[in-house]
Amino acid sequence: MVWHKVNLKKMKKNDKVLPATYGTRYFEGEVPKYEMPKNSMPQDAAYQLIHDELNLDGNPSLNLATFVSTWMEEGADKLIMENINKNFIDHDEYPKTADIEKRVVNMLARLFNAPEAAKSVGVGTVGSSEAIMLALLAHKFSWKSKMKAKGKKYNKPNIVMGADVHIVWEKFARYFDVEQRLVPMEEGDYVLTAKKMLKHVDENTICVGAILGTTFTGQADEIKKINDALVKLKKTKGWDIPIHVDGASGGFIAPFIYPNMKWDFRLQQVKSINVSGHKFGLVYPGMGWLVFREEKDLPKDLIFYVNYLGGEMPTYTLNFSRGSAMTIAQYYNMIRLGKSGYKKIMQNIVGNASYLGALLKKTKKFTLLNDGNMLPIIAVMLKGKPGFTVFELSAKLREKGWIIPAYTLPANAQKIAIMRMVVKENFSHDMAGILFADIMEAYGILQKKKPAPKKKSGGHKIC
Ligand SMILES: Cc1ncc(COP(=O)(O)O)c(C=O)c1O
């Protein structure tokens with residue numbers, strides 16, 4: 001019996017039905033989707049309706065498509081909930097939170113080997129996309145001032161980057177009216193090299209983009225060689241072209257496990273670096289960082305001062321309001337884990353990725369574009385002609401809950417279709433073994449489904 005059909009008045013007091021959540025009318029009809037409902041509903045019904053529908057989302061722990069953290073420890077979760085109601089921009093009201101952002105920027109500048117004498121500056125952002133937009137805008141403004149000072153035209157800025165860049169780089173070029181010089185990939189060559197870069201730069205280049213861990217394959221551009229080539233160019237032609245390093249994923253890995261690899265402010269032309277706190281910074285979504293090598297690399301006319309929150313507050317962000325919780329969670333990770341803690345986690349992540357990469361390689365069924373040995377990203381192509389595509393393999397794995405994307409590479413490597421797995425903190429050695437077994441099972445099922453080759457003659461038609 002449905003509760004609202006019960007005539008409560010006729011019932012004795014003791015017989016009254018106290019409706020349980022799933023006994024209420026909210027579970028009988030459609031959930032409001034297009035128009036806000038006229039009346040309110042009880043909170044338990046609203047919660048349950050949304051909660052139940054969200055069960056159909058993928059399981060974040062099995063999501064190897066995302067680079068973004070899907071797990072944090074209890075201390076962090078507690079701090080996040082305690083600070084979920086603070087708007088980060090209210091510096092005057094939440095001065096300690098603002099202070100914490102500065103501390104993280106300081107730590108990152110040192111982690112990225114900013115020169116001792118340099119006064120580095122930086123900012124927390126919603127993610128690496130905002131950080132990259134802000135960095136490139138700063139380089140555009142600096143280039144313009146330089147050209148103005150030389151009495152030269154400044155109406156044709158360009159930016160040089162490999163086709164391996166994340167979409168945000170292309171967005172920047174279009175949104176902020178900068179000519180995009182996208183250096184194409186080639187089959188077997190999926191990163192930006194110094195040689196390729198040199199063919200595209202000129203006096204109007206505001207910046208060269210170099211990636212530490214590309215979104216497509218997890219490989220790194222030739223950052224050191226690009227720097228050396230630009231240093232040489234500065235001497236021969238007088239063009240002082242800065243590099244912005246997109247360390248969205250690699251920026252929190254390289255300092256801990258490849259401390260001798262030079263990709264950061266140790267390189268003269270690297271003037272700014274972004275890193276995603278919410279990737280290997282091990283914080284939930286909503287956290288990116290931008291660090292400029294020197295204060296002078298961030299033009300003053302890009303900084304705005306507002307007084308409507310009390311005090312005189314400088315701001316250099318695209319968005320005004322955002323949450324504070326992830327900034328605090330980032331600081332928690334940094335002091336809780338320390339360098340040794342981050343190092344151990346990164347070693348485990350890379351170790352587990354390499355293990356999975358080695359298992360896949362051993363089958364001789366895959367060509368590995370990235371075996372997880374440097375950055376914990378495994379990118380594979382199918383070897384030979386197994387009779388199915390990586391897209392079908394990806395879909396088959398989804399039946400088991402694994403979320404592993406398959407896609408084609410950008411120009412000029414569009415013919416290459418790959419499947420990519422990002423190994424994160426909460427993906428153990430054991431899980432790597434389970435995933436490997438599931439990949440092989442899916443491979444076997446798809447191969448058996450392959451239609452039998454047609455016989456040329458003599459076949460009997462059996463009905
Ligand atoms: C190399 C690279 N740069 C930038 C981004 C954009 O980062 P976010 O998602 O933090 O905005 C990504 C995201 O995957 C990335 O892999």
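Residue numbers count from 1 along this sequence. Every number for a ligand or one of its atoms is a count from 1 in the order of the listing.
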task = Examine R293 relative to F265 and say whether NZ or CZ is less than 6.0 Å from the centre of the six-membered ring and inside a 45° cone about the ring axis.
result = no
key: SB check E222 K196 (cutoff 4.0 Å)   = no
ask   = Just by distance, with hydrogens left out, do S272 and H244 show a side-chain donor and acceptor under 3.5 Å apart?
value = yes
query = Ring centres of F112 and W263 under 6.0 Å apart?
reply = yes
key: side chain to side chain contact (heavy atoms under 4.5 Å, CB included) partner of R420, the single match among L369, V390, L64, T215   = T215
ask   = What pairs meet the ring-ring contact (aromatic ring centres under 6.0 Å, His included) rule with one or both residues in residues 322-376, with sequence neighbours excluded?
value = F252-Y342, F256-Y342, Y355-H429, F366-Y443
Which protein N or O atoms sit under 3.5 Å from any N or O of ligand 1? Give atom names and distances.
residue  : atom   : partner : partner atom : Å
ligand 1 : 3 (N)  : D246    : OD1          : 3.2
ligand 1 : 3 (N)  : D246    : OD2          : 2.6
ligand 1 : 7 (O)  : K279    : NZ           : 2.9
ligand 1 : 10 (O) : S128    : N            : 2.8
ligand 1 : 10 (O) : S276    : OG           : 3.2
ligand 1 : 10 (O) : H278    : NE2          : 2.7
ligand 1 : 10 (O) : K279    : NZ           : 3.2
ligand 1 : 11 (O) : S128    : N            : 3.4
ligand 1 : 11 (O) : S129    : N            : 2.8
ligand 1 : 11 (O) : S129    : OG           : 2.6
ligand 1 : 14 (O) : K279    : NZ           : 3.4
ligand 1 : 16 (O) : T215    : OG1          : 3.0

